[in-house]
Amino acid sequence: MSARIKTVPRHIAIIMDGNGRWAKLRGFSRIKGHEAGAQAVRECVEGCGELKVEYLTLYAFSAENWQRPKTEIIALMRLLEKFLKEKTPELLEKNVRLQAIGRLTDLPQSAQERLHTTIEQTAGNTGLTLILALSYGGRLEIIDGIKSLLRAIELGHIDKAMVDVEMFSKHLYTRYYPDPDLLIRTSGEMRLSNFLLWQTSYTELYITPKLWPDFTKEDLFAAVEEFGRRQRRYGAVE
Ligand code: FPP
């Protein structure tokens, strides 16, 4: 770990972009890019563990990704299952707790089962919480949150006059986690792509031109180091 790191974010979120471009540059299929991307996930989880980051949220499959070619979707789902099956012993060894957010029931049955198995097996771990965003869309999450809030009002559990930012946050998929402090996006794109729209209001953004499969632990440490130099004012003055 870099000695220059003074402030460690509690929660890091990552848009892992550029797998396809990485593969294309090498004349490989897009699937090979995703496989290399899964290796980068492993390294990143390890780096977060070393830094003692509490939460790491990875944008692994967006609600919009269902529009990709069927072959790519199938390969991504297989890769997810393979990752969970092969990496569960490592997650247990490294004290990592797995969680997931998104419309998880959209996933193929076998992927859902694998996911829930790993979530259950790692539930008692007390180190890093690794949150996979799967079939996740920020706008969908807000819509689901509004529906859940309306239901609670209808049932008389809450009074609509009491609705505020904190209460609404408790109706989102992320209700158990703090907002991200740092959002990293690889491959140089300058957009949020429907990721954690509500939660990133005051998140520090770090965009790197590196493609996700090339993103190393050292790159993660560089992002965290840069985060330590930022002044977070949350709209107030110093
Ligand atoms: C974006 O790259 C990446 C994805 C849509 C999928 C992310 C998946 C992985 C990193 C691998 C699997 C992850 C786990 C947790 C097992 P892109 O395909 O949009 O790249 P491009 O913009 O260069 O085409």
Side-chain angles (χ1 to χ4, degrees), residues 1-2 5 7-17 19 34-62 76-104 107 110-136 141 172-186 195-196 199-200 203 206 210 212-225 227-228:
M1 180 180 132
S2 167
I5 293 175
T7 318
V8 174
R10 251 188 108 190
H11 185 172
I12 299 178
I14 307 186
I15 302 177
M16 311 181 287
D17 196 14
N19 294 350
H34 295 312
E35 283 170 7
Q39 281 308 313
V41 167
R42 185 186 175 276
E43 179 149 343
C44 198
V45 169
E46 205 174 272
C48 283
E50 286 174 28
L51 289 173
K52 305 240 176 316
V53 169
E54 290 176 55
Y55 301 88
L56 170 66
T57 302
L58 300 177
Y59 206 4
F61 194 86
S62 76
L76 274 167
M77 291 301 141
R78 283 205 186 125
L79 190 58
L80 171 69
E81 281 188 54
K82 185 169 174 263
F83 175 88
L84 293 169
K85 199 167 173 198
E86 287 179 6
K87 302 294 176 210
T88 300
E90 208 174 308
L91 297 178
L92 288 166
E93 187 196 306
K94 297 211 166 85
N95 198 19
V96 177
R97 178 173 71 122
L98 187 85
Q99 301 267 280
I101 54 170
R103 289 195 171 170
L104 305 178
L107 301 175
S110 57
Q112 286 185 49
E113 282 166 16
R114 189 59 251 179
L115 190 61
H116 287 118
T117 303
T118 305
I119 289 173
E120 272 170 35
Q121 286 176 340
T122 61
N125 289 351
T126 53
L128 173 73
T129 297
L130 170 63
I131 305 152
L132 297 182
L134 293 162
S135 193
Y136 174 89
E141 178 181 29
L172 295 172
Y173 307 150
T174 52
R175 57 187 162 278
Y176 306 115
Y177 322 122
D179 287 343
D181 303 291
L182 172 65
L183 172 75
I184 299 171
R185 180 167 190 152
T186 56
F195 188 43
L196 300 175
Q199 298 85 346
T200 50
T203 300
Y206 181 90
K210 279 234 176 166
W212 176 251
D214 292 329
F215 192 81
T216 63
K217 215 193 268 187
E218 293 313 314
D219 295 316
L220 174 77
F221 293 167
V224 171
E225 210 183 301
F227 170 80

Should L58 and V41 count as side-chain neighbours, where that means a heavy-atom distance under 4.5 Å?
-> yes
Is the closest side-chain heavy-atom distance between V224 and Y206 below 4.5 Å?
-> no
Can you find a heavy atom in the side chain of V8 that is under 4.5 Å from one in the side chain of K52?
-> no
Is there a donor-acceptor contact under 3.5 Å from the side chain of E43 to the main chain of T216?
-> no
Backbone of T200 reached by a side-chain donor or acceptor of D179 within 3.5 Å | no
If you take all heavy atoms of L134 and A100, which pair is closest and at what distance?
-> CD1-CB, 4.5 Å
Can you find a heavy atom in the side chain of D181 that is under 4.5 Å from one in the side chain of F227?
-> yes
Between P178 and Y55 the two heavy atoms that sit nearest each other are CD-CE1, 3.3 Å
For residues S135 and L104, determine if any side-chain heavy atom of one lies less than 4.5 Å from a side-chain heavy atom of the other.
-> no
How many angstroms lie between CZ in R185 and OH in Y59, if you round to the nearest 0.5 Å?
-> 9.0 Å
What do the steps show when you test L115 against L107 for side chain to side chain contact (heavy atoms under 4.5 Å, CB included), and what is the final call?
-> CA-CA 10 Å; L115 190 61; L107 301 175; 4.1 Å; yes
List the steps, then state whether side chain to side chain contact (heavy atoms under 4.5 Å, CB included) holds for L220 with E46.
-> CA-CA 10 Å; L220 174 77; E46 205 174 272; over 6 Å; no
Looking only at side chains, do R97 and T129 share a donor and an acceptor under 3.5 Å apart?
-> yes
Check the angle between the aromatic planes of F195 and Y136 and answer parallel, tilted or perpendicular using the 30° and 60° thresholds.
-> perpendicular
Nearest-0.5 Å distance, CG of residue D17 to CD1 of residue I184 | 13.5 Å
Minimum-distance pair of heavy atoms, taken over all atoms of L132 and L80 | CD1-CD1, 3.9 Å
Distance-minimising heavy-atom pair for C48 and I12 | SG-CD1, 4.3 Å
Rounded to the nearest 0.5 Å, how far does CG of L196 lie from CD1 of I101?
-> 5.5 Å
Trace of the side chain to side chain contact (heavy atoms under 4.5 Å, CB included) decision for E120 with T117 | CA-CA 5 Å; E120 272 170 35; T117 303; 5.9 Å; no
Rounded to the nearest 0.5 Å, how far apart are CG of L84 and CD of E113?
-> 12.5 Å
Hey, is E54 close enough to R10 for a salt bridge, meaning N to O under 4.0 Å?
-> yes
Determine yes or no for a side-chain-to-main-chain donor-acceptor pair under 3.5 angstrom, with W212 supplying the side chain and T186 the backbone.
-> no
Any P213 side-chain heavy atom under 4.5 Å of Q39 side chain | no
Of all heavy-atom pairs linking S110 and E81, the shortest is OG-OE2, 2.7 Å
Could you tell me whether the side chain of T118 reaches within less than 4.5 Å of the side chain of V96, counting heavy atoms only?
-> no
Return yes if some donor-acceptor pair links the side-chain N/O of E141 with the main-chain N/O of Y173 below 3.5 Å, else return no.
-> yes
Once you round to the nearest 0.5 Å, how far does OG1 of T88 lie from CZ of F83?
-> 8.5 Å
H34 NE2 to L79 CG distance, which is reported to the nearest 0.5 Å | 8.5 Å
Could you walk me through whether T57 and Y177 pass the side chain to side chain contact (heavy atoms under 4.5 Å, CB included) check?
-> CA-CA 10 Å; T57 302; Y177 322 122; 5.7 Å; no
Is the shortest heavy-atom distance from the side chain of F221 to the side chain of E50 under 4.5 Å?
-> yes
Begin with the C-alpha distance, continue with both residues' side-chain angles, and end with the deciding distance and a verdict on salt bridge (charged side-chain N to carboxylate O under 4.0 Å, His left out) for K94 and E90.
-> CA-CA 6 Å; K94 297 211 166 85; E90 208 174 308; 3.2 Å; yes
At their closest point, which heavy atom of L92 faces which heavy atom of Q121, and how far apart are they?
-> CD2-O, 3.3 Å
